[in-house]
Amino acid sequence: MSKEIIENGEAILGVEFGSTRIKALLIDGEHNVIASGDHEWENQYDNGIWTYSLDAIWNGLQDAYRKLTIDAKDKYDAQVTQLKAIGFSAMMHGYMAFDASDELLVPFRTWRNSITGEAAGRLTDLFGFNIPERWSISHLYQAILNGEEHVNRIKFQTTLAGYIHWKLSGEKVLGVGEASGMFPIDPGTCQFDAGMVEKFDVLLEQKSLPYKLLDIFPKVLVAGDKAGTLTEEGAKLLDPTGTLQAGAPMCPPEGDAGTGMTATNSVRRRTGNVSAGTSVFSMVVLEENLKKVHPELDVVTTPDGSAVAMVHCNNCTSDLNAWVGLFKEFADAIGADVDMGQIFGTLYKNALNGDTDGGDILAYNYLSGENITGLSEGRPMVIRTPNSRWNLANFMRVHLYSAFATLKIGNDILFKEEGVEADKIYGHGGIFKTKGVAQQILADALNTPISVMETAGEGGAWGIAVLAAYMMDRSDGESLADYLDNKVFAGETGTELSPDPSGVKGFDVFIEKYKAGLAAQRAAVESVTA
């Protein structure tokens with residue numbers, strides 16, 4: 001069956017550019033994954049900027065797609081020549097600005113850069129709306145405030161997902177969820193907020209710049225809209241062998257937040273999800289507007305335009321993965337025949353044997369700065385006292401705690417100060433693959449039940465493929481929420497874990513020490529040169 005689906009051009013391709021992995025997969029008409037491929041990559045810290053080169057972007061995409069075609073050939077002896085539909089997703093925010101010749105003006109500035117504090121603060125005051133440092137508009141305005149020469153020559157600005165989509169389809173568009181990480185969206189129109197656009201245009205005029213904001217920003221589309229087709233040039237960019245044919249319809253490119261909501265069936269109001277990878281963020285779909293502006297809370301949208309409160313943290317699993325990698329090096333050094341999956345599983349499961357307060361050990365996972373805790377840079381570190389209960393279980397437990405600590409600080413504002421409620425919160429991302437470990441720790445951190453679906457490990461690549469399927473298959477007037485409920489998940493609710501009272505209490509003890517210990521992290525940033 002899968003062989004025929006692939007050979008008849010009925011498979012749908014979803015690709016997501018994560019921070020450390022580019023994943024490509026094919027789904028069938030029942031939304032099942034039938035082939036996949038991936039490519040590992042890593043950002044570079046170049047001249048004070050976190051970036052990925054254009055060569056890394058295209059080489060990574062082509063490698064992930066090539067591995068997908070090999071997987072299809074190995075499994076089914078099938079060759080991918082046509083596709084029913086395509087969707088692209090990527091990490092949100094950042095800054096990609098192009099000139100009249102479609103040349104990138106400055107290296108891609110990713111979401112990870114905390115270099116736009118002045119711009120974000122000014123825009124937040126101007127709009128009366130929280131504008132985070134990583135948002136695309138913050139990067140643009142900071143470049144303007146810095147007097148950077150290139151800003152006079154901008155003809156188009158977009159995100160990574162928008163860039164890939166543009167080059168493969170020729171269309172300068174974004175899905176509304178991704179667009180909401182560039183500039184505030186009016187949920188009533190699902191377009192960039194007109195009043196705020198007008199205010200920003202005044203700033204552009206004051207700087208004598210030769211454009212208005214909407215002249216250089218992409219067009220905003222919503223889930224279900226057609227967003228162009230794969231061109232001949234795009235097909236060759238994706239598949240340099242020339243085997244893939246042009247013509248496949250493409251759905252609006254989305255960010256990892258929107259695909260995460262889709263992949264966890266949490267686009268309906270009073271639902272939420274936590275996406276945990278290199279960064280971690282929670283999303284709760286709002287019933288009404290927040291009472292006040294909080295720098296810790298972003299307001300973005302679902303792929304179909306509903307307002308969402310987002311707590312975004314720049315750091316999550318990178319330091320944790322580095323420690324697990326160190327244990328793998330030790331295993332290799334003593335000749336132990338174990339793979340990374342075994343090491344992750346063993347260490348994670350052992351963490352549940354640790355003390356609920358972490359044994360009086362602190363870990364900070366900050367490879368980069370964190371807006372929520374007021375740090376422009378990070379220095380990963382572990383702190384213990386002479387009386388700390390130093391053992392492997394506690395060591396791993398505090399690193400899992402650290403992965404979610406900053407997220408908890410932001411969500412305490414959302415749930416306790418704003419009084420926002422969620423009926424369901426889903427977790428997704430690789431950290432949840434070891435069943436019952438990170439899921440339980442997150443439930444304790446947020447003091448709310450957390451569900452994880454079988455699709456959790458597939459993440460955003462699957463989510464964007466589902467959005468492409470929605471574009472092709474939905475009934476007239478069928479909402480995205482109804483499509484997900486009725487045709488994708490069909491009653492699946494995942495495995496739910498409730499908070500453990502002792503774990504909640506222990507995490508609360510840990511988080512108070514964690515917040516007090518941030519002074520040491522700040523001192524490390526000031527005294528230890530990166």
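FYI, the numbering just counts along the sequence from 1. The model shown is predicted, which means the values in this text are computed figures rather than measured ones.
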Which distance, rounded to the nearest 0.5 Å, do you find between the [atom1] of [X] and the [atom2] of [Y]?
X: I6; Y: I34; atom1: CD1; atom2: CD1; result: 4.0 Å
X: C316; Y: L407; atom1: SG; atom2: CG; result: 8.0 Å
X: S402; Y: I511; atom1: OG; atom2: CD1; result: 9.0 Å
X: D239; Y: L230; atom1: CG; atom2: CG; result: 10.0 Å
X: E133; Y: I115; atom1: CD; atom2: CD1; result: 9.5 Å
X: L446; Y: I441; atom1: CG; atom2: CD1; result: 12.0 Å

[X] and [Y]: which non-hydrogen atoms are nearest, and at how many Å?
X: K513; Y: Y364; result: O-OH, 4.0 Å
X: L160; Y: M96; result: CA-SD, 3.8 Å
X: P380; Y: L367; result: CG-CD1, 3.5 Å
X: N265; Y: Y426; result: O-CE1, 4.1 Å
X: L244; Y: A235; result: O-CB, 3.6 Å
X: I450; Y: G427; result: CG2-N, 4.0 Å

Any side-chain to backbone donor/acceptor pair from [X] onto [Y]? Under 3.5 Å, distance only.
X: W390; Y: T385; value: no
X: T116; Y: A119; value: no
X: N32; Y: D28; value: no
X: N113; Y: T110; value: yes
X: T262; Y: G258; value: yes
X: Q439; Y: T495; value: yes
X: S282; Y: V274; value: no
X: R109; Y: I49; value: no
X: R389; Y: N394; value: no
X: E178; Y: M92; value: no

Crowded around [X] [atom1]? As in, over 12 foreign heavy atoms under 6.0 Å?
X: E496; atom1: CD; result: yes
X: D337; atom1: CG; result: no
X: K424; atom1: NZ; result: no
X: D339; atom1: CG; result: yes
X: K435; atom1: NZ; result: no

For the aromatic rings, using the six-membered ring if either is Trp, is the centroid distance between F281 and W111 under 6.0 Å? no
Aromatic ring proximity F327/F330, centre distance under 6.0 Å: no
If we only count heavy atoms from C-beta on, is the [X] to [Y] side-chain gap below 4.5 Å?
X: L320; Y: N365; result: no
X: P132; Y: N371; result: no
X: M283; Y: S266; result: no
X: I164; Y: W58; result: yes
X: T20; Y: T317; result: no
X: T259; Y: E16; result: yes
X: M1; Y: I5; result: yes
X: T406; Y: N315; result: no

Take K505 and T356 through the test side chain to side chain contact (heavy atoms under 4.5 Å, CB included) and record every step on the way to the result. CA-CA 8 Å; K505 182 178 179 181; T356 57; over 6 Å; no
Please state whether the rings of Y95 and H139 are parallel, tilted or perpendicular, taking 30° and 60° as the class boundaries.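 Ring orientation, 0 to 90° scale: parallel.
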In terms of ring plane angle, is the pair Y366 and Y514 parallel, tilted or perpendicular, where the classes change at 30° and 60°? perpendicular
Side chain to side chain contact (heavy atoms under 4.5 Å, CB included) for S114 and E377? Distances and angles first, verdict last. CA-CA 7 Å; S114 301; E377 296 181 51; over 6 Å; no
So, are [X] and [Y] salt-bridged, with charged N and O less than 4.0 Å apart?
X: E233; Y: K236; answer: no
X: D71; Y: K67; answer: no
X: D508; Y: K408; answer: yes

Which is it for C251 and I464 under the side chain to side chain contact (heavy atoms under 4.5 Å, CB included) test, yes or no, and what are the steps along the way? CA-CA 8 Å; C251 73; I464 192 65; 3.9 Å; yes
Residues forming a ring pair (Phe, Tyr, Trp, His ring centres under 6.0 Å) with W323, sequence neighbours excluded: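 Applying ring pair (Phe, Tyr, Trp, His ring centres under 6.0 Å) to W323 gives F395, H399.
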Excluding sequence neighbours, so at least two apart, what forms ring pair (Phe, Tyr, Trp, His ring centres under 6.0 Å) with H39?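 By the ring pair (Phe, Tyr, Trp, His ring centres under 6.0 Å) rule, H39 matches no residue at all.
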N447: partners by side-chain hydrogen bond (donor to acceptor under 3.5 Å, both in side chains), with sequence neighbours left out: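 Per chain and number, N447 pairs via side-chain hydrogen bond (donor to acceptor under 3.5 Å, both in side chains) with no residue.
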